[in-house]
Amino acid sequence: MKRLMLGNEAIAWGAYEAGVTVASSYPGTPSTEITEHLAGCDEIYSEWSPNEKVSMEVVIGASIAGARAITAMKHVGLNVAADPLFTVSYTGINGGLVIVVADDPGMHSSQNEQDSRHYARAAKVPMLEPADSQECKDFIKMAFEISENFDTPVLIRLSTRVSHSLSSVELAEREDYKLKGYKKDFVKYVMMPAMARKRHLIVEKRMRDLKEFGENTELNRIEWENRSIGVISSGIAYQYAREAFPEASFLKLGMIYPLPEKMIADFAAGVDKLFVVEELEPFFEEQIKAMGIEVIGKERLPVTGELNVSIIREKLLGEKQSIDLPFEEKTPMRPPVMCPGCPHRATFHVLSKLKLTVTGDIGCYTLGALPPLEAVDTCICMGASIGMAHGMEKARGAEFRKKTVAVIGDSTFIHSGITGLIDVVYNKGNSMVIILDNSITGMTGHQDNPTTGFTIKGEPTVQVDLVKLCEAVGIRRVKVVDPFKLKEFERTVKEEIEADEPSVIIARRPCALLKKASYGGTVTIDSDLCINCKLCTAIACPAILDKGDHIEIDESLCNGCLLCVEKCPRNAIVKAGVENE
Amino acid sequence: MDILISGVGGQGTVLASKVLADSRVIEGGRARTGETIGMSQRGGSVISHVRTGESYSAFIPVGGADLLLSFELIEGARNISYLKEGAHAVINTALINPVSAILGKESCDKEEIMEYISANSNVFFIDASKLAREAGAIRVVNTILIGFAYGLGLLDLSGESIEKSMSKNIRAEYLDLNLKAFRSGIKSAEGVHLN
């Protein structure tokens with residue numbers, strides 16, 4: 001049976017067919033759907049864990065206990081999980097262990113475009129890269145075999161365009177995988193210097209064996225066509241290159257680390273001119289050049305952003321695409337915005353009004369940096385806001401601190417904000433932190449987390465109490481406020497920021513897209529009362545249109561959250577249908 | 001056939017691309033799509049690529065699309081360069097103001113945009129938002145446009161396979177609404193001739 005599937009769904013199917021029984025991940029675009037699909041299988045224990053490091057440790061435990069286990073994360077998630085990765089490379093595995101990492105060239109939804117292939121080399125772990133949904137499924141199954149045959153974790157590299165493209169996949173039955181026996185083996189699993197030194201030798205031998213394996217595996221293949229041009233490529237870049245060079249010969253790499261050097265040398269010898277087409281870093285190119293082989297790659301192709309067929313044709317074949325449609329250049333840009341009814345809009349409206357320095361974090365609320373709110377000053381990584389506010393205080397002193405606030409979402413706070421907060425308390429900082437508690441992990445599309453009280457499968461569970469958690473680490477001032485009560489929220493911010501001790505405000509209001517937000521109806525302008533003062537436009541709601549001489553509400557966008565009603569000094573914004581009451 | 005679908009986050013471009021791609025698969029053919037998922041869900045520009053037949057990547061090169069379906073006017077103008085010489089565009093005349101325009105920083109004149117599109121493509125305009133509201137919900141703009149394009153004979157897919165694909169990919173509670181919208185789109189194309 002063939003089914004149209006996203007790459008991410010195909011990854012989950014591959015894991016299902018391979019007999020995986022444990023999956024643990026933290027959501028991150030473009031990897032999130034993998035674990036969501038795994039959670040749909042009754043045979044697989046799946047969870048959202050607090051962060052990628054914990055996920056990695058959970059699947060390492062499951063593997064050592066004898067199960068086939070998988071974790072999926074975005075590229076920056078692997079930074080968080082890098083610590084266990086580098087050492088599980090030494091211990092090796094028991095049940096097969098696969099780590100999926102989804103890169104985001106072009107940064108569709110990320111803060112950087114790092115190339116995860118470097119992790120394979122740095123941690124000395126094999127890495128596979130599929131190019132479409134069928135390969136996603138097939139490669140996952142092969143990855144589990146490689147993992148067990150070579151006693152190694154295996155990395156699978158995806159990119160946004162593979163994760164989020166639909167193509168056909170042939171399905172198969174689930175393998176009846178028998179749990180491997182568990183045996184205490186401290187020489188293998190306890191990495192202290194004496195044992196780790198021995199394991200490092202084993203790792204080096206394993207990588208030599210894997211290189212040999214790469215020469216013969218069907219994961220790597222040569223497609224001989226016209227020999228005047230040869231192209232070495234992998235993943236989505238292969239698809240673009242194949243389309244740009246329909247007649248060239250190709251070496252398509254499926255196992256992208258370690259590289260099959262002999263195969264590459266043979267291929268290079270068989271063609272007149274050799275191109276390497278890869279997105280982001282010259283990862284293949286540098287290794288191939290180190291083999292003494294002449295190739296053309298990044299001297300012509302960009303190291304930034306995504307590739308596409310047009311770029312490859314232009315840079316490698318000199319075929320300039322000439323499109324002259326000037327209007328497109330000036331069509332108004334449409335960056336993402338906070339949704340109508342978004343609780344963050346109220347929070348940032350107040351912070352912007354008070355002209356505070358705001359250390360920001362990762363989530364929908366990063367959009368608070370954009371006009372017209374322009375409230376957020378920084379965004380580095382998950383959890384960074386709190387430590388950075390603390391650092392600013394230590395650098396510039398109390399006066400600056402009284403104008404500085406850290407903002408962080410509920411899920412991000414659990415991910416890695418709590419450690420920053422402990423640092424503030426322990427080191428006698430006085431930072432003010434606002435936890436934007438919208439009752440969900442929003443940006444990645446509504447995943448549960450430890451503060452929501454539900455598991456990935458929707459089962460009720462223990463809910464982390466944010467107030468008690470903050471109190472437990474030593475915060476004495478914890479306030480819970482609804483940011484939509486603009487005056488009360490503003491007063492609380494002003495009070496707490498003046499305090500000479502650390503404080504936390506929990507700005508609590510559910511994401512407007514959640515059912516429990518339950519807004520109803522729309523609002524409209526009472527033109528008799530409206531004086532066109534435009535104060536309502538300051539909240540930057542996409543449903544409020546400034547028409548110059550008057551204000552209009554776009555009723556197709558308005559969801560009746562009533563924040564603008566709170567803002568209007570003349571009570572000129574009313575619920576639609578009740579103007580005459 | 002290469003179809004580019006454009007719109008604003010929340011308008012259902014991803015679902016529309018899945019419906020079209022799966023229609024081809026139902027007919028025993030090959031299809032793939034490329035989606036934008038993530039930041040763009042928050043009211044940003046969204047495009048989906050649908051490629052049926054022989055292709056390697058899921059992404060249509062600039063100047064390579066046989067058809068542009070746009071659920072919103074500005075997004076239609078933004079993506080004209082994807083069209084092949086002489087290829088058709090089917091564009092919703094409803095305009096969703098971008099924040100930059102709401103703030104009065106950029107103007108977007110509907111007439112000017114429509115003139116530009118007409119001058120640079122072989123376009124059919126349709127007020128799909130109005131038809132969608134008449135059919136019962138603004139969110140079926142996507143299936144209205146699919147119906148309209150099908151009615152014009154611009155899709156090399158059978159109506160039967162499109163409806164089958166809709167019943168496979170749209171949740172049961174919204175299926176009737178969408179089938180109604182699809183047929184309303186087809187009806188709007190009656191008497192309209194390809195130019």
Side-chain angles (χ1 to χ4, degrees), chain A residues 2-4 6 29-30 33 104 108-110 131-133 160-168 236 238-244 246 308-310 313 321 323 325 327-328 330-339 364 367 370-372 443-445 537 540-542 544-546 548 554 556-557, chain B residues 8-10 14 17-18 21-22 24-25 30-45 49-50 55-64 72 74-75 77-81 94 96-108 112-113 116-117 119-120 129 133 138 169:
Chain A
K2 275 206 167 193
R3 254 184 62 183
L4 210 50
L6 285 182
T29 312
E33 298 83 2
D104 190 17
H108 297 277
S109 192
S110 303
D132 61 18
S133 298
T160 303
R161 300 308 194 174
V162 171
S163 286
H164 288 167
S165 291
L166 290 168
S167 58
S168 291
I236 194 68
Y238 162 80
Q239 307 279 30
Y240 298 141
R242 202 76 192 85
E243 199 161 322
N308 59 41
V309 176
S310 313
R313 279 188 189 141
Q321 306 273 330
I323 304 260
L325 292 174
F327 193 86
E328 271 175 64
K330 63 170 195 167
T331 42
M333 290 303 288
R334 196 189 294 278
V337 289
M338 291 176 208
C339 308
C364 294
L367 296 172
L370 301 178
M443 188 80 232
T444 43
T537 62
C541 175
I544 300 177
L545 309 178
D546 181 355
D554 183 339
S556 68
L557 291 174
Chain B
V8 174
V14 173
S17 70
K18 188 158 192 192
D22 216 5
R24 169 57 78 215
V25 173
R30 241 176 76 117
R32 48 178 72 211
T33 77
E35 316 290 357
T36 334
I37 305 173
M39 288 288 270
S40 330
Q41 282 182 330
R42 311 281 176 264
S45 301
H49 304 244
V50 182
S55 68
Y56 284 97
S57 85
F59 299 92
I60 303 167
V62 170
E72 197 274 343
I74 297 172
E75 299 312 314
R78 199 191 306 287
N79 293 296
I80 290 290
S81 59
I96 298 175
N97 279 295
V99 167
S100 52
I102 291 170
L103 296 172
K105 289 188 183 167
E106 281 180 284
S107 70
C108 43
E112 192 190 341
I113 296 171
Y116 166 78
I117 294 172
N120 289 288
S129 297
R133 276 191 216 101
I138 185 73
N169 292 296

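Letters go in sequence order (proteins before strands), and every chain restarts at 1.
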Problem - Trace of the side-chain contact (heavy atoms from CB on, under 4.5 Å) decision for A:D554 with B:N97 - result: CA-CA 9 Å; A:D554 183 339; B:N97 279 295; 5.7 Å; no

Handout entry: Options B:G34, B:S17, B:A58, B:S129, ranked by heavy-atom pairs under 4.5 Å with chain A, top entry
Key =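 Of B:G34, B:S17, B:A58, B:S129, B:G34 has the most heavy-atom pairs under 4.5 Å with chain A.
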
Handout entry: Structural part of A:D132 lying under 4.5 Å from a heavy atom of chain B
Key =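 When you check distances to chain B, only side chain atoms of A:D132 fall under 4.5 Å.
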
[atom1]-[atom2] distance between [X] and [Y], expressed to the nearest 0.5 angstrom:
X	Y	atom1	atom2	value
B:S57	A:R242	OG	CZ	13.0 Å
B:H49	A:R161	NE2	CZ	6.0 Å
A:R3	B:D22	CZ	CG	9.0 Å
A:E243	B:F59	CD	CZ	11.0 Å

Look at the side chain of [X] and the backbone N and O of [Y], then say whether any donor-acceptor pair between them is shorter than 3.5 Å.
X	Y	answer
B:R78	A:P332	yes
A:S165	B:T33	yes
A:R334	B:I96	yes

Exercise for the section: Might you work through the side-chain contact (heavy atoms from CB on, under 4.5 Å) test for A:L166 and B:K18, ending with a clear yes or no? Expected result: CA-CA 8 Å; A:L166 290 168; B:K18 188 158 192 192; 3.9 Å; yes

Handout entry: For the student: nearest non-hydrogen atoms of A:S168 and B:V25, plus distance
Key =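 Heavy atoms of A:S168 and B:V25 come nearest at OG-CG2, 4.0 Å.
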
